[in-house]
Amino acid sequence: MARWGCRGLPMKPHSTKLLVLILAVAFALRLTASWVWQSRLEGPFGFGDSLSYWSLAQDLAEGRPYCYGSDMGYVFRMPGYPVLLAPVFWIAGPEASPLWGRALGALLGTAAVAGVWWLAQRLFGPKAGLVAAAISALYPGEIVASVLILSEAPFCPLMLVNLILWILAWQSPVPRRAALWAVGAGIAAGVGTLVRPSWLLFLPFAVAILLVLSAERKRNLALGAAMALGLVVVMTPWWIRSVRLSGHFVSTTLQMGASLYDGWNPDADGGSNMDFVEGFVEEFRRGAPQASLQHPAALEYELDGRMHDAAVHWAKEHPGRVVQLAAVKFVRMWNVWPNEASLSRWWIRVGVVFTYVPVLVLSLIGAVWTIRRGVPYVLCWLPAVYLTLLHMVFVSSIRYREPAMLGLIVLAAGVVSRLWGNGLPNCQEEFVRGAAADA
């Protein structure tokens with residue numbers, strides 16, 4: 001049975017071997033980077049967020065309540081990443097080294113490389129698929145995102161699965177099959193949200209943009225409704241738990257207020273500094289109403305609301321500063337080198353510039369070149385727009401652009417393939433014709 005890139009374009013045996021080699025290199029690089037990073041740390045983690053994921057995973061593995069730290073941590077983190085990390089402790093024991101978690105991240109990062117390959121070969125042909133896989137395998141930002149014990153590691157492949165299933169739904173000429181793909185895309189969006197809560201609004205955002213850009217509005221709405229169904233099914237158990245613990249509906253976590261205040265406050269500079277949280281907690285505990293104790297997470301809910309209200313109040317009082325901060329955050333997210341002083345060594349800056357800038361330029365060319373080619377191509381750059389707008393409100397850094405870079409790498413690979421003389425096979429039309437024949 002022949003292997004295929006896009007419908008009608010056979011994937012040659014040597015291409016399959018090359019893909020396997022690229023994936024092997026991707027995994028080896030990420031595993032090596034994991035060991036190097038861990039060996040240079042003074043403690044087990046380099047980021048405070050990593051400890052929270054690790055501790056919650058330990059709680060899950062040992063059957064303890066899902067609560068981080070004190071009585072203010074019942075709805076502190078979405079459960080997706082801790083659930084993925086929990087088997088590490090079953091395999092390696094309760095004192096497992098963080099290297100086990102980083103090895104899992106290396107595997108997930110390799111899965112993201114495979115997802116990038118699938119998208120590129122689907123939209124631009126086999127050669128573009130291999131180019132995209134090679135770029136993402138070697139891209140420093142994606143390697144780093146894979147080895148840190150942060151939510152980017154599992155979110156990147158989940159985001160790609162979300163986009164892949166959405167594209168399959170759009171390209172399917174059989175309504176029932178399209179609906180099933182769409183529900184699957186919604187399920188993937190829900191699982192992605194359980195890993196990274198900021199993904200919750202991508203579905204309505206993308207559907208709204210596609211209603212403007214695409215003439216097939218009824219189809220976009222129908223697929224959007226099917227995807228919304230899948231997302232709601234996945235999120236409902238978490239929503240029920242949050243209501244039971246806090247007494248209120250919580251869309252994702254009770255860290256949204258703190259995250260918003262982190263972005264909007266008198267000392268905000270675009271980066272993250274959560275030192276203010278302790279002061280809010282101390283002030284809140286002094287005046288916390290005892291009646292709130294009827295729900296375990298009620299105090300957590302009220303504290304989150306206070307920080308949210310304080311952020312909004314400050315923003316209303318300082319609209320000019322909010323706009324200025326939005327510009328600063330935009331630059332921080334798409335900067336040509338790291339914003340952090342600890343990463344300002346010349347060789348790091350040179351490495352980022354000479355890998356990031358070419359991909360960005362080529363992806364912008366690809367986005368303009370394919371803007372009229374339909375929904376699948378638009379979905380490659382919509383995550384970049386969505387995440388940018390989101391982090392122009394909340395805090396920003398180049399870390400937050402790494403998931404979006406995966407879709408941009410697909411577009412960049414399409415341009416490279418075209419310049420290479422491969423042309424642009426219309427994979428979407430090929431697939432539709434083939435699928436119609438199958439039906």
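In this chain, numbering begins with 1 at the start of the sequence shown.
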*Tell me whether the guanidinium CZ or amine NZ of Arg102 lies under 6.0 angstrom from the six-membered ring centre of Trp35 and within 45° of its axis.*
no

_Run the side-chain hydrogen bond (donor to acceptor under 3.5 Å, both in side chains) test on Arg177 and Ser172 for me, step by step, so that the C-alpha distance in whole Å, both residues' side-chain angles and the decisive distance to 0.1 Å come before the verdict._
CA-CA 7 Å; Arg177 190 179 303 172; Ser172 176; 4.7 Å; no

*Using the ring of each side chain (for Trp, its six-membered ring), is His318 parallel, tilted or perpendicular to Trp314, with breaks at 30° and 60°?*
parallel

*For residues 150-169, which residue pairs qualify under ring-ring contact (aromatic ring centres under 6.0 Å, His included), counting only residues two or more places apart or in two chains?*
Phe155-Trp199

*How long is the span from the CD1 atom in Ile187 to the CE atom in Met227, to the nearest 0.5 Å?*
12.5 Å

*Give a yes or no answer on whether the side chain of Arg30 reaches the backbone of Ala137 with a donor-acceptor pair at less than 3.5 Å.*
yes

_Summary of side chain to side chain donor-acceptor pair (under 3.5 Å) pairs that have at least one residue in residues 399-416, sequence neighbours excluded_ = Glu152-Arg399

*Over 60° means perpendicular and under 30° means parallel, so classify the ring planes of Phe280 and Tyr261, tilted if in between.*
perpendicular

_Checking the side chain of Asp262 only, and the main-chain atoms of Ser272 only, is there a donor and an acceptor separated by less than 3.5 Å?_
no

*asked:* Tell me the closest heavy-atom pair linking Ala226 and Ala179, and the distance in Å.
replied: CB-O, 4.1 Å

*Output yes when a side-chain donor or acceptor of Arg418 lies under 3.5 Å from a complementary backbone atom of Gly414, and no otherwise.*
no

_Taking Ser397's backbone N and O only, do any of them form a donor-acceptor pair with Arg332's side chain (distance below 3.5 Å, no angle check)?_
no

*For Ser39 and Val36, indicate whether the former's side chain and the latter's backbone hold a donor-acceptor pair under 3.5 Å.*
yes

*For the side chain of Ser396 and the backbone of Met392, is there at least one donor-acceptor N/O pair under 3.5 Å apart?*
no

_Can you see whether Tyr53 has Arg77 sitting over its ring - NZ or CZ less than 6.0 Å from the centre and within 45° of the normal?_
yes

*Does any N or O in the side chain of Trp90 come within less than 3.5 Å of the main-chain N or O of Ala61, such that one atom is a donor and the other an acceptor?*
yes

*Would a line drawn from the ring center of Tyr377 to the ring center of Phe124 be shorter than 6.0 Å?*
yes

*Contact list for residues 226-250, test side chain to side chain donor-acceptor pair (under 3.5 Å), sequence neighbours left out*: none

